[in-house]
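A short write-up of the structure that comes next.
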2 protein chains.
Amino acid sequence: MSEDPRTRMLAGAVDLMSRGGLPAASMRDLARHSGTPLGSTYHYFPGGKRQLALEAVRFADDQLRSWLGRSLEQGPVAGLREFLAVWRQILIDSDFEAGCPVLSVAVTEPRAEEAVSATRDAFVHWCELLSGSLREHGTPADTAEALALLIVTSVEGSIAMCRVEGSPRALDVIARTLEELTENALAQCTLTRTLDS
Amino acid sequence: MSEDPRTRMLAGAVDLMSRGGLPAASMRDLARHSGTPLGSTYHYFPGGKRQLALEAVRFADDQLRSWLGRSLEQGPVAGLREFLAVWRQILIDSDFEAGCPVLSVAVTEPRAEEAVSATRDAFVHWCELLSGSLREHGTPADTAEALALLIVTSVEGSIAMCRVEGSPRALDVIARTLEELTENALAQCTLTRTLDS
DNA sequence: TTCGTCATATGACGACCGTTATAACCCTAG
DNA sequence: CTAGGGTTATAACGGTCGTCATATGACGAA
C-alpha cells in the first residue's frame, strides 16, 4: 500500500490503462487514484505522459514475466495455467472492468509512440518465455513458436471478450483447448524421442 | 465514395475507431474524415456520440458477418481463410495503423456503455457463424464451439499484435495452426461417420 | 412567389485534457 | 537555529472534447 510514490503511480497507471486504454488514464485521475499529488507527476516523470505510458507498459511486462518465468520452472502446462489464472483473477477482481493493460495500449495508441513498441516487446517476451519452455521440453522450434503465439494471441483476445461478456467463459473454454494442444505437443515430442532412442 | 452522408459517417467512424478506439474518433475528426459538416452529426445521430458508437459497431459487425457468411457457404476452411484475409487486408491497406474496430471499442469503453454490448454481440455472432458451419459439416457441438472461440479470440489478439509489430507475421503464423486444427476437426468427424456406417 | 422543411454551416458553451509556473512544505546538513 | 534542496500543493495556461443554439442555404408544396 505504501511503496514509494513513483512505483505507486506506475501501478496505478497500469490499472487505469487496463480499464480503458491510455486515454482513460488521465494525469488527474492517476494522481487521485494513486494517492500522489498532480504536481509531483512531472517530478517523477519529466517526460510527461509519454514517459509514464512507456514505463507503465514495461512495468506490467516485467511483472507478468516474473510470474510467468517462475511458474514455467514447473513445465509449460504449469506456465500456461499461471498465464491464464493471472488474467482470470484480474478480470474477476475488477468485476470485469479491467483487462490487459498491454493490449489496451497496443490498440489505443498511434503506432509511432514509444509505448507501442514496448507493447510489442511485451508480447514477444511472453511468446519467447512460453516457446522457450516448450523447446526445453523437446517440442520442435517451429511448433513451439506457433503454439506460443496461439496461446498469447488467443488469451489476449479472450480477455477482451470476457470483459465485454462480464464472464470468464471465453478464457475457461480456450484454457481447455490450449492445455490439450500443449500436452499434445509435449506428448508428440516424447514419442519422437522414444522412437529415436 | 458518395453514398448518403449517414453511411459515410458510420464508415468513417469505423475507420477512426479501428485506429485508436472510440476516444480517437472525435466528432470533429469524424466530420472532416467523412466529408460531412460537424453540425449535421447531431441531425443524423440525435443520441450523440453514444448512438454513433453503437451504430458504428453494429455497422462493422454486419459488414463482417456478410462477408463471413458468404464465404462460409464454401465450407469452414474457406470461411476461416476469408476471416483471416479480411483483417490482413485491413492491416496492410492502412500500413498497420488500423486494427479491429470492434476490439478497439471493447477495450476502450467502460463496460456499461451500450456500444460495448454491441461488441459482445459481434464477437458472439462471428463465433456462431463459424461454429455453425463446423457443426453443419459434422463437427460435434462442443468441439465446434471451442474451435470457433479459439479462432475468433486468437485472430483478434493477432490483429493487435500485427499492428504493433508492423507485420502480418502473427496472423500468418496462427493461420496455419488454425487451418490444421479446423481440417483436423473436420477429418475426425468424417472418420467417426465412416465408423458409424 | 411564399412558405416550411430538411440539410449545411458557424460559433459558442462548459468541462476536461496535458502541461507548467509558482508557492508552501518537510527534513536533513551545517 | 538556520539554510537549502527535494517534495507537495494550488492555480492557471492553451487546446480539444462533446454538445447545442442559431443562422444560412436548398428546394419542393401551396
Side-chain angles (χ1 to χ4, degrees), chain A residues 1-57 101 104-105 107-110 112-116 118, chain B residues 1-57 101 104-105 107-110 112-116 118:
Chain A
M1 181 68 81
S2 58
E3 308 199 36
D4 66 302
R6 199 174 195 281
T7 307
R8 275 215 319 274
M9 297 188 81
L10 283 177
V14 169
D15 186 48
L16 287 181
M17 277 162 34
S18 72
R19 290 164 194 271
L22 254 186
S26 78
M27 302 299 256
R28 287 170 176 78
D29 284 351
L30 174 57
R32 198 174 316 121
H33 188 263
S34 61
T36 54
L38 173 60
S40 303
T41 311
Y42 293 86
H43 181 259
Y44 293 111
F45 303 94
K49 195 172 188 181
R50 292 162 70 111
Q51 181 187 354
L52 200 148
L54 174 64
E55 292 200 34
V57 171
S104 298
V105 174
V107 164
T108 292
E109 280 283 293
E113 293 290 320
E114 311 98 321
V116 169
Chain B
M1 182 69 77
S2 60
E3 308 197 37
D4 67 302
R6 199 173 195 280
T7 307
R8 275 216 317 276
M9 297 187 81
L10 283 178
V14 169
D15 186 47
L16 287 181
M17 278 162 33
S18 72
R19 290 165 195 269
L22 254 187
S26 78
M27 303 298 256
R28 286 168 177 81
D29 283 353
L30 174 57
R32 198 173 316 123
H33 189 263
S34 61
T36 54
L38 173 60
S40 301
T41 311
Y42 292 85
H43 181 259
Y44 293 111
F45 304 94
K49 193 171 189 181
R50 292 161 69 111
Q51 181 187 354
L52 199 148
L54 174 65
E55 292 201 33
V57 171
S104 298
V105 175
V107 163
T108 293
E109 279 284 293
E113 293 291 321
E114 311 98 320
V116 169

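These values consider heavy atoms only, across backbone and side chains, with no hydrogens, waters or symmetry-generated copies. Below, chain A is the first sequence line, B the second, and so on; all start at residue 1.
- We find that NZ of A:K49 is positioned 17 Å from C1' of C:dT20, with the value rounded to whole Å.
- B:Y44 comes within contact range of the sugar-phosphate backbone alone, with a heavy-atom separation under 4.0 Å but no base atom that close.
- For the pair A:Q51 CD and C:dT19 P, the computed distance is 11 Å after rounding to whole Å.
- In this structure, A:L16 atom CG and C:dG18 atom C1' are separated by 15 Å, rounded to whole Å.
- Two residues, A:P37 and B:G48, neighbour DNA chain D, and the one matched to the more 5' nucleotide by heavy-atom proximity is A:P37.
- Taking only side-chain nitrogens and oxygens, A:Y42 never comes nearer than 4.0 Å to OP1 or OP2 of C:dT20.
- Using a 4.0 Å cut-off, no side-chain N or O of A:S40 falls inside it from OP1 or OP2 of D:dT7.
- Taking atom CZ on B:R8 and atom P on C:dA7, their separation rounds to 13 Å, with Å as the unit.
- In the helix from C:dT8-D:dA23 to C:dA23-D:dT8, the end axes, each obtained as the rotation axis mapping the C1' atoms of four pairs onto the next four within a five-pair block, lie 10° apart to the nearest 10 degrees.
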Practice task
Would you please test B:F45 and B:L10 for side chain to side chain contact (heavy atoms under 4.5 Å, CB included) and show each step?
Solution key: CA-CA 10 Å; B:F45 304 94; B:L10 283 178; 3.8 Å; yes
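- Atom pair B:H43:NE2 and D:dA26:C1' shows a separation of 13 Å (rounding to whole Å applied).
- Look at CE on B:M27: it is 19 Å from C1' on D:dG15, rounded to the nearest Å.
- Across the protein-nucleic acid pair, B:L22 atom CG and D:dC17 atom C1' stand 13 Å apart, rounded to whole Å.
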Exercise for the section: Evaluate side chain to side chain contact (heavy atoms under 4.5 Å, CB included) for B:L22 paired with B:K49, printing each intermediate quantity in order. Expected result: CA-CA 9 Å; B:L22 254 187; B:K49 193 171 189 181; 4.0 Å; yes
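- Rounded to whole Å, atom P of C:dT20 lies 15 Å from atom CZ of A:F45.
- Remark on DNA chain D: of its neighbouring residues B:L38 and A:R28, the 5'-side contact belongs to A:R28, judged by nearest-heavy-atom nucleotide.
- The main-chain N or O of B:H43 is never found under 3.5 Å from a side-chain atom of B:S40 such that the two would form a donor-acceptor pair.
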